[in-house]
Amino acid sequence: MAKRNNISTTDFILLGLFPEFQYASLLVYLILLVYLIALTGNSILIFLIWLDVHLHTPMYFLLSQLSLIDLFYISSSVPKMVINHSLGKHSISFTGCGIQMFFCLSLGGAECLLLTFMSYDRFVAVCNPLQYTVIMNSKVCLLIAVASWTGGALNSLIQTIYTMHFPVCGLKEINHFFCEMPAVLKLSCQDTSDYEMVVFVVSIIFILIPFNLIFASYIQIFLTVLKMKSPEGRSKALATCSSHLTVVSLYLGPGIVVYMTPGSSHTPALDQGLSVFYTILTPMLNPIIYSLRNKEVVGALRRVLRKKLVSK
C-alpha cells in the first residue's frame, strides 16, 4: 500500500508481466535483452535495405516497413515496463495509458495489413512473375505503406477513444504489463458486451480476414511452386514464403485468441503470455527469420562490411 500512496486517483496501476512469478526481475531483464536484439536486428535490416541497391525491390521495401513497425511496436511497451520495474513503480497516467494503447493498437493493426500486402507481393512474384514489376511498381508500394500505417492509426484512434471513455470502478489495477485494450476493458463498471462485439467485428477485419487471405495466397503459391522445373527457383520461393508464414503464424495466431475469444474463457496470465508473442518475440524474430534464411540480405551485409573495411 505504501507504494500506492503517491499514485494519483486518475492513474492506472500496471501489475506487470506475471506478477506472481517468483523470478520477475530475471524475466524483465530477459525481455530487455530481447528488446535490444530486436532494436539492433531491425535497425540493421532497415539500414541494409536503404544502403544496398540490390535490395531496392518491392519485397524489401515492404520488409523495411515491417521492421520500422516492429521497432516502434516493441518500443511502445517494453521500455515502460523495464523502467517501472527498475524504479519499483507500477503507475501509468490516464493520458499515458491512452497513448500507449493508441500506439500498440495502431502498430498492431498496421502490421496485420502489411503482412497481408506482403503475401500479395509474394503471390504476384511467384504466380505472375512477368507482370510483377508492372503490378508492384513504386507507386503501388508507397500506397501499400500509406494504407497500412493510416488504416492502423484510424482504427486505433477510434478504439482508444471509445475504450478510455468507460468509467472505472474500484482499484485501477491492470493485470498486464502494458495498457492493452481487453485488459483495460475488464476494469469498467459498465456493461461492455456491445462494445466487445464491435471489437470482435473489427478483429475479423484486421486479424481473421488477413489471416485467411495470407493462407489462401500461400496455398496458391505452393501449388505454383510444385510446378516449377528449376530446383533453385523452387527452393528460393519456398524459403521466402516459409519465412513469411512463420512470422504470420507467430503474430496473428495469438492475436486471434486474445481479441476474438471471450475474455472469460482465458486467464490474465494466458493473455499476457500470448501478448508477449506479438508485441515482443515477433519483432525480435522478424529480422532474424528474414536475414538468416535470405541469401540476398546476407550478401548485402557482406558487401556493406567489405566497403567499410576497404574504406579504412
Side-chain angles (χ1 to χ4, degrees), residues 1-21 24-32 34-36 38-39 69-110 152-153 155-190 192 195-196 199 254-255 258-259 263 267-281 283:
M1 288 297 289
K3 287 183 179 179
R4 296 178 186 170
N5 288 340
N6 297 324
I7 295 175
S8 167
T9 54
T10 60
D11 287 354
F12 288 98
I13 300 166
L14 288 169
L15 296 182
L17 181 62
F18 307 132
E20 304 300 325
F21 186 59
S25 294
L26 179 63
L27 188 61
V28 169
Y29 292 119
L30 184 62
I31 287 174
L32 177 60
V34 170
Y35 173 68
L36 294 174
L39 208 64
I69 288 172
D70 283 337
L71 271 177
F72 288 124
Y73 199 9
I74 194 170
S75 297
S76 65
S77 59
V78 172
K80 175 65 177 173
M81 178 180 67
V82 174
I83 290 169
N84 275 4
H85 180 80
S86 301
L87 298 178
K89 292 170 126 185
H90 298 276
S91 64
I92 184 170
S93 67
F94 179 86
T95 304
C97 187
I99 291 171
Q100 188 180 59
M101 185 186 296
F102 169 76
F103 278 109
C104 287
L105 284 173
S106 178
L107 295 162
N155 169 64
S156 176
L157 184 63
I158 297 168
Q159 299 270 29
T160 301
I161 291 172
Y162 207 82
T163 300
M164 297 303 287
H165 100 282
F166 283 109
V168 176
C169 301
L171 289 173
K172 297 183 177 181
E173 293 184 340
I174 302 173
N175 198 347
H176 217 302
F177 61 94
F178 71 102
C179 289
E180 187 162 35
M181 182 183 54
V184 175
L185 271 181
K186 289 179 181 179
L187 303 181
S188 175
C189 49
Q190 280 188 1
T192 60
Y195 180 56
E196 286 174 11
V199 172
V258 173
Y259 284 91
T267 64
L270 178 61
D271 283 343
Q272 291 178 40
L274 292 172
S275 296
V276 167
F277 272 93
Y278 53 80
T279 60
I280 298 174
L281 291 181

Would you compute the distance between atom [atom1] of [X] and atom [atom2] of [Y] and round it to the nearest 0.5 angstrom?
X: Leu26; Y: Ile31; atom1: CG; atom2: CD1; result: 10.0 Å
X: Leu15; Y: Asn84; atom1: CG; atom2: CG; result: 11.0 Å
X: Leu105; Y: Met181; atom1: CG; atom2: CE; result: 5.5 Å
X: Met81; Y: Leu17; atom1: CE; atom2: CG; result: 6.0 Å

I'd like to check the side chain to side chain donor-acceptor pair (under 3.5 Å) partners of [X]; sequence neighbours left out, ordered by chain and number.
X: Gln190; value: none
X: Thr192; value: Glu196
X: Thr95; value: none

[X] versus [Y], closest heavy-atom pair with distance:
X: Phe18; Y: Leu27; answer: CD1-CD2, 3.6 Å
X: Ser93; Y: Asp11; answer: CA-OD1, 3.3 Å
X: Pro254; Y: Leu274; answer: CB-O, 3.6 Å
X: Ile69; Y: Ala110; answer: CD1-CB, 3.9 Å
X: His85; Y: Ser25; answer: NE2-OG, 3.0 Å

Contacts of type side chain to side chain contact (heavy atoms under 4.5 Å, CB included), residue [X], not counting sequence neighbours:
X: Leu187; value: Phe12, Val168, Ile174
X: Ala38; value: Asn42, Ile74, Met284
X: Ile158; value: none
X: Cys169; value: Cys189

Counting C-beta onward and ignoring hydrogens, is there a side-chain heavy-atom pair between [X] and [Y] closer than 4.5 Å?
X: Tyr29; Y: Ser86; answer: yes
X: Ile280; Y: Phe177; answer: yes
X: Leu39; Y: Ser75; answer: yes

Does CZ belonging to Phe103 count more than 12 external heavy atoms closer than 6.0 Å?
no
Between Ser76 and Phe102, does the side-chain contact (heavy atoms from CB on, under 4.5 Å) criterion hold? Intermediate values first, please.
CA-CA 10 Å; Ser76 65; Phe102 169 76; over 6 Å; no
Residues in disulfide (SG to SG under 2.5 Å) contact with Cys104, at least two apart in sequence or another chain:
none
With Tyr73, which residues qualify under ring-ring contact (aromatic ring centres under 6.0 Å, His included), at least two apart?
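For Tyr73 there are no ring-ring contact (aromatic ring centres under 6.0 Å, His included) partners, ignoring immediate neighbours.
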Which residues pass the ring-ring contact (aromatic ring centres under 6.0 Å, His included) test with Tyr162, not counting sequence neighbours?
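With neighbours one apart ignored, the set is His165, Phe166, Tyr195.
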When you measure from the side chain of Ser156 to the backbone of Gly152, do you find a donor-acceptor pair of N or O atoms at a distance under 3.5 Å?
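Answer holds: no.
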side-chain contact (heavy atoms from CB on, under 4.5 Å) between Gln159 and Val199: does it pass, once the steps are laid out?
CA-CA 8 Å; Gln159 299 270 29; Val199 172; 4.0 Å; yes
Partners passing salt bridge (charged side-chain N to carboxylate O under 4.0 Å, His left out) against Lys80 (at least two apart in sequence or in another chain):
none
Would Leu281 and Val276 count as a side-chain contact (heavy atoms from CB on, under 4.5 Å) here? Give the steps.
CA-CA 6 Å; Leu281 291 181; Val276 167; 4.0 Å; yes
Summary of side-chain hydrogen bond (donor to acceptor under 3.5 Å, both in side chains) pairs that have at least one residue in residues 268-280, sequence neighbours excluded
Asn175-Gln272, His176-Ser275, Glu180-Ser275, Glu180-Tyr278, Lys186-Asp271, His266-Asp271, Ser275-Tyr278
